Protein chains: 2
Amino acid sequence: MTIDPGSYTPVYVQLADIIRERIARGQYAPGQILPSEQQLIQEFLVARVTVRKALAELKAEGLVVTKPRQGTYVREEADRDAVVVEGEADVIARMPTPDERRKLGIPAGVPVLVVEREGQAPAVLPADRKIVRLRCKG
Amino acid sequence: MTIDPGSYTPVYVQLADIIRERIARGQYAPGQILPSEQQLIQEFLVARVTVRKALAELKAEGLVVTKPRQGTYVREEADRDAVVVEGEADVIARMPTPDERRKLGIPAGVPVLVVEREGQAPAVLPADRKIVRLRCKG
DNA sequence: GCCCATTTGTCCGTATGTATA
DNA sequence: TTATACATACGGACAAATGGG
């Protein structure tokens, strides 16, 4: 897997694809730190902005998280608690507002689940830690 | 609402906040085109990267979409079809893979809903056009 | 149909700040 | 203290497609 600067596919997309593939293969495992931006620059011979753009893609996908002045890590899947819904409900998903991100501690690239039930205020759940489970009585 | 370069809040965050506010107030309405990057550069006296970073934030939030060589538009909320699920099911949300984005035509900043049912392949639904409606038989 | 200005996309270089190890 | 690492922000350049006249 290598980068072709002459390709019509942007370099940062090619780079993101390569890193995504390495994560998928387990070469970079969950919780593990990725090579630093400098190391990626040297390995693939691209500019820093290009590396950062590739990493930004992976962040937006929720695949990695970056800790300032430490590094970029493969996101670990947390165990997700089930929020049990009995009866009727509508469930939507969307990206959180900045306020919701702060209050719920939601990292970049993670959506929220919104559960709407008759006569109740909508519940906003961080999708990396919650799932909605429908159960019927009987 | 103006930009303070001396603030500890990054300029691009301040700019994103301002534009988000204008969208919320309806100054920029759904479907409407935002000022071009050049216009934003001149209005707020910042560099182009800064404008682009602010717009990237709003894209990641699903608030705007950009059409290459045309402009950046306030995303219009489409009517969402209800996918009715009866019986037991788990519903999760996550960002789509690049493959899923292509196949389902999902814009940036829009998650997918995944419905998992016993003995069935998971259903992957674009969250900007679908909602999951949970129902119990009876 | 053709030309041209506009607009976003991509890519590079450089500099400074600041927290971490 | 020093080196490392990411974050922010400035600058410039070229490509490619759209849209208006």
Side-chain angles (χ1 to χ4, degrees), chain A residues 2-19 28 31-75 98 101-102 107-109, chain B residues 2-19 28 31-75 98 101-102 107-109:
Chain A
T2 175
I3 296 218
D4 171 18
S7 165
Y8 284 106
T9 308
V11 176
Y12 78 87
V13 174
Q14 296 182 50
L15 180 51
D17 287 344
I18 291 174
I19 299 174
Y28 302 144
Q32 189 182 329
I33 193 169
L34 296 186
S36 74
E37 294 180 355
Q38 262 312 316
Q39 289 172 321
L40 292 172
I41 288 168
Q42 287 164 8
E43 175 175 1
F44 296 102
L45 301 176
V46 294
R48 183 161 179 231
V49 262
T50 306
V51 168
R52 288 182 62 77
K53 193 95 164 61
L55 293 177
E57 291 287 298
L58 302 177
K59 273 188 272 188
E61 288 171 29
L63 221 52
V64 305
V65 293
T66 69
K67 305 186 185 179
R69 282 144 241 119
Q70 291 185 37
T72 302
Y73 297 80
V74 182
R75 190 156 72 82
R101 287 193 53 191
R102 269 189 301 274
Chain B
T2 173
I3 297 223
D4 171 17
S7 165
Y8 285 107
T9 307
V11 176
Y12 78 86
V13 174
Q14 297 181 50
L15 180 51
D17 288 344
I18 291 173
I19 299 174
Y28 303 144
Q32 189 181 331
I33 192 169
L34 295 187
S36 74
E37 295 180 356
Q38 264 311 318
Q39 291 172 319
L40 293 173
I41 288 169
Q42 286 162 8
E43 175 174 0
F44 296 101
L45 301 176
V46 294
R48 186 173 176 214
V49 264
T50 306
V51 168
R52 289 181 63 77
K53 193 99 164 59
L55 293 177
E57 291 287 298
L58 302 178
K59 273 187 271 188
E61 289 171 28
L63 219 53
V64 305
V65 293
T66 68
K67 304 185 184 178
R69 279 139 241 125
Q70 292 187 38
T72 301
Y73 297 79
V74 181
R75 192 157 70 81
R101 288 193 51 191
R102 270 190 300 274

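Computed from a predicted model, the values in this text were never measured in an experiment. Residue numbers begin at 1 in each chain, while the letters A, B, ... track the order of the sequences.
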Ile33(A) CD1 to dA21(C) C1': how many Å, rounded? 12 Å

Given DNA chain C, 5'-ward residue of the pair Ser36(B) and Val46(A), judged by closest heavy atom: Ser36(B)

Is Thr50(B) close enough to dT8(D) that one of its side-chain N or O atoms is under 4.0 Å from OP1 or OP2 there? no

Is a side-chain N or O of Glu57(B) found less than 3.5 angstrom from the main chain of Val13(B), in a donor-acceptor match? no

Measure the distance from CG on Leu40(B) to C1' on dA9(D) and round it to the nearest whole Å. 16 Å

Using the side-chain heavy atoms of Arg48(B), tell me which of these nucleotides is nearest: dT10(C), dC10(D), dA9(D). dT10(C)

Rounded to the nearest Å, what distance is computed from the CD1 atom of residue Ile41(A) to the P atom of nucleotide dC12(C)? 10 Å

Spacing between Lys53(A) atom NZ and dT8(D) atom P, to the nearest angstrom: 15 Å

Which of these passes side chain to side chain contact (heavy atoms under 4.5 Å, CB included) with Leu55(B): Ile19(B), Thr66(B), Leu15(B)? Ile19(B)

Can you check whether Arg52(B) has a side-chain N or O nearer than 4.0 Å to OP1 or OP2 of dG9(C)? yes

Between Tyr12(A) and dC11(C), does any side-chain N or O lie under 4.0 Å from OP1 or OP2? no

Which pair of heavy atoms, one from Arg101(B) and one from Pro107(B), lies closest together, and at what distance? NH2-C, 3.8 Å

Nearest-angstrom distance from the residue atom NZ of Lys67(B) to P of dG9(C): 13 Å

From CG of Leu55(B) over to C1' of dG9(C), roughly how many Å is that when rounded to an integer? 13 Å

Between Arg69(B) (CZ) and dA15(D) (P), how many Å, whole number? 14 Å

Which nucleotide in the list dC12(C), dG19(D), dT20(C) gets nearest to the side chain of Gln70(B)? dG19(D)

For DNA chain D, whose closest nucleotide is more 5', that of Pro35(A) or that of Tyr8(A)? Pro35(A)

Closest approach of Pro98(B) and Glu61(A), non-hydrogen atoms and distance? CG-OE2, 3.8 Å

Round to the nearest Å and state the distance from Glu37(B) atom CD to dA5(C) atom P. 20 Å

Of all heavy-atom pairs between Arg75(B) and Val65(B), which one has the smallest distance, and what is that distance? CD-CG1, 3.7 Å

